[in-house]
Number of protein chains: 2
Amino acid sequence: MLTINDASKRTNLPVKTIRYYDEVGLVMATGRTPAGYRLYDDRSCQKLGFVQRARQFNFSIEECRELLSLYEDHGRPSRDVKKITLSKLALLQRQLDDLTTLTLELQTLANQCTGDDRPDCPILNNFSAGPLASEA
Amino acid sequence: MLTINDASKRTNLPVKTIRYYDEVGLVMATGRTPAGYRLYDDRSCQKLGFVQRARQFNFSIEECRELLSLYEDHGRPSRDVKKITLSKLALLQRQLDDLTTLTLELQTLANQCTGDDRPDCPILNNFSAGPLASEA
DNA sequence: GTTGACCCTCCTGTTACTGGAGGCTTTATA
DNA sequence: TATAAAGCCTCCAGTAACAGGAGGGTCAAC
């Protein structure tokens with residue numbers, strides 16, 4: 001059993017955030033010490049990690065709650081689970097496209113800069129034809 | 001010149017959000033009609049699109065402001081631009097890794113569900129050895 | 001010439017935290 | 001063993017980035 005600080009170190013989530021997730025019932029502490037300190041086990045840390053990634057890609061707390069419940073609710077028809085999960089996956093695919101576009105935009109910016117002191121980096125002109133029309 | 005509504009349609013950003021970006025000076029309207037209506041040109045729409053993607057991946061408004069200024073400030077040594085841009089790219093690489101992990105987690109969940117009514121989808125057990133140890 | 005779709009500003013509300021005060025508990029140190 | 005530092009608690013206030021809505025002007029169309 002880990003203290004909240006240890007769980008924080010393991011997941012890279014701030015202590016405050018972990019406390020918040022417990023408070024709103026998203027990822028509850030596994031237990032408490034007699035003094036009232038929160039305790040977390042491996043499984044809670046897994047959930048925290050999962051939530052962290054999902055939150056990073058703009059799944060709301062409520063959506064995270066739903067996804068976690070999919071993982072846990074064995075009484076739920078797997079048909080439902082599959083349907084919901086696939087729709088989330090479609091979202092992630094779009095995210096992946098956008099992430100790729102953004103990365104390209106920044107990479108182009110970095111490449112245009114020779115790295116010397118010449119003060120000229122007018123990248124917006126370059127992709128002003130649109131994010132995906134960068135093959136000129 | 002586009003109205004705020006047209007800019008909204010072109011960028012898929014809510015009108016409210018575009019108004020907000022103007023208000024905080026992130027992406028200002030190109031001009032105003034005599035009646036005070038905001039006007040946007042192609043370049044503003046480009047910026048809005050860029051900000052949209054950057055925001056989606058958790059760059060703050062202030063970071064977006066900085067990135068946009070890199071694009072625009074021709075008086076800035078390209079050395080600086082390159083340095084800052086590369087550090088943002090490193091962040092994006094981490095995002096990409098996390099996005100991949102999350103996608104894998106959800107895909108595993110979807111695959112485990114045969115899609116019939118059998119109510120058993122205990123995916124957390126499967127990756128409880130860690131997000132990257134899913135080759136069991 | 002008025003109806004309906006847009007636009008404006010201003011103000012309040014929401015989500016998901018973040019920081020800090022005030023006050024126990026546990027651990028390291030003298 | 002005393003005490004100081006570090007860690008934990010609750011509670012409350014603040015922040016970022018919007019979103020909703022009131023109240024009211026504007027513009028194209030019938």
Side-chain angles (χ1 to χ4, degrees), chain A residues 1-41 44-45 47-69 88 91 95 98 102, chain B residues 1-41 44-45 47-68 91 95 98 102:
Chain A
M1 288 296 218
L2 307 169
T3 67
I4 198 169
N5 196 25
D6 294 336
S8 165
K9 278 167 189 156
R10 180 167 301 189
T11 60
N12 280 322
L13 280 172
V15 167
K16 278 269 180 184
T17 302
I18 299 180
R19 207 128 54 189
Y20 175 72
Y21 290 161
D22 180 45
E23 193 184 316
V24 300
L26 179 59
V27 180
M28 310 266 283
T30 316
R32 297 268 185 148
T33 69
Y37 288 21
R38 288 174 182 82
L39 291 172
Y40 291 87
D41 61 6
S44 324
C45 289
K47 291 190 203 170
L48 288 173
F50 177 80
V51 167
Q52 182 181 35
R53 281 183 290 280
R55 285 287 307 128
Q56 193 172 1
F57 298 104
N58 305 314
F59 290 99
S60 70
I61 297 285
E62 286 318 308
E63 286 171 319
C64 290
R65 201 192 298 279
E66 185 174 40
L67 286 171
L68 281 182
S69 83
K88 301 297 181 194
L91 283 181
Q95 295 264 90
D98 282 341
L102 182 58
Chain B
M1 288 296 218
L2 307 167
T3 67
I4 200 170
N5 196 25
D6 293 336
S8 165
K9 278 168 190 157
R10 181 168 300 189
T11 60
N12 279 322
L13 279 172
V15 167
K16 278 270 179 184
T17 302
I18 299 180
R19 206 129 53 189
Y20 176 73
Y21 290 161
D22 180 45
E23 192 185 316
V24 299
L26 179 59
V27 179
M28 309 265 283
T30 315
R32 297 267 184 150
T33 69
Y37 288 21
R38 287 173 182 83
L39 291 173
Y40 291 87
D41 61 7
S44 325
C45 288
K47 291 190 203 171
L48 288 173
F50 178 80
V51 167
Q52 181 180 35
R53 281 184 290 279
R55 285 287 306 128
Q56 192 171 1
F57 298 105
N58 304 316
F59 290 100
S60 70
I61 296 286
E62 287 317 309
E63 286 171 319
C64 290
R65 202 191 297 279
E66 185 175 40
L67 286 171
L68 281 182
L91 282 181
Q95 294 265 89
D98 282 342
L102 182 59

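Model, not experiment: these values are computed from the prediction. Chain letters run A, B, ... following the sequence lines, proteins first, then strands; residues in each count from 1.
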Which nucleotides of nucleotides 4-16 of chain D have their base under 4.0 Å from a protein heavy atom (B), which only their sugar-phosphate (S), and which neither (-), written as one string 5' to 3'?
---BSSB------
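- A donor-acceptor pair under 3.5 Å is formed between the side chain of A/Gln95 and the backbone N or O of A/Phe57.
- At D/dA17, none of the side-chain N or O atoms of B/Tyr21 fall inside 4.0 Å of OP1 or OP2 (strictly under the cut-off).
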With side-chain contact (heavy atoms from CB on, under 4.5 Å) as the criterion, how do B/Tyr37 and B/Thr3 come out once you've worked through the C-alpha distance, each side chain's angles and the decisive distance to 0.1 Å?
CA-CA 7 Å; B/Tyr37 288 21; B/Thr3 67; 5.7 Å; no
Show your reasoning for whether side-chain contact (heavy atoms from CB on, under 4.5 Å) applies to B/Tyr21 and B/Ile61.
CA-CA 9 Å; B/Tyr21 290 161; B/Ile61 296 286; 3.6 Å; yes
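- The salt bridge (Lys or Arg N to Asp or Glu O under 4.0 Å) contacts involving residues 54-64 of chain B comprise B/Glu62-B/Arg65, B/Glu63-B/Lys88, where partners must be two or more places apart or lie in separate chains.
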Might you work through the side-chain hydrogen bond (donor to acceptor under 3.5 Å, both in side chains) test for A/Asp41 and A/Ser44, ending with a clear yes or no?
CA-CA 5 Å; A/Asp41 61 6; A/Ser44 324; 2.5 Å; yes
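- Contact record, B/Arg53 with A/Asp98: CD-O, 3.8 Å, taken as the closest heavy-atom pair.
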Stepwise side-chain contact (heavy atoms from CB on, under 4.5 Å) test for A/Tyr20 and A/Leu13
CA-CA 11 Å; A/Tyr20 175 72; A/Leu13 280 172; over 6 Å; no
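- A 4.0 Å heavy-atom criterion places the boundary nucleotides of DNA chain C facing chain B at C/dC6 to C/dT9, written 5' to 3'.
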Stepwise side-chain contact (heavy atoms from CB on, under 4.5 Å) check, B/Leu48 with B/Thr17
CA-CA 10 Å; B/Leu48 288 173; B/Thr17 302; over 6 Å; no
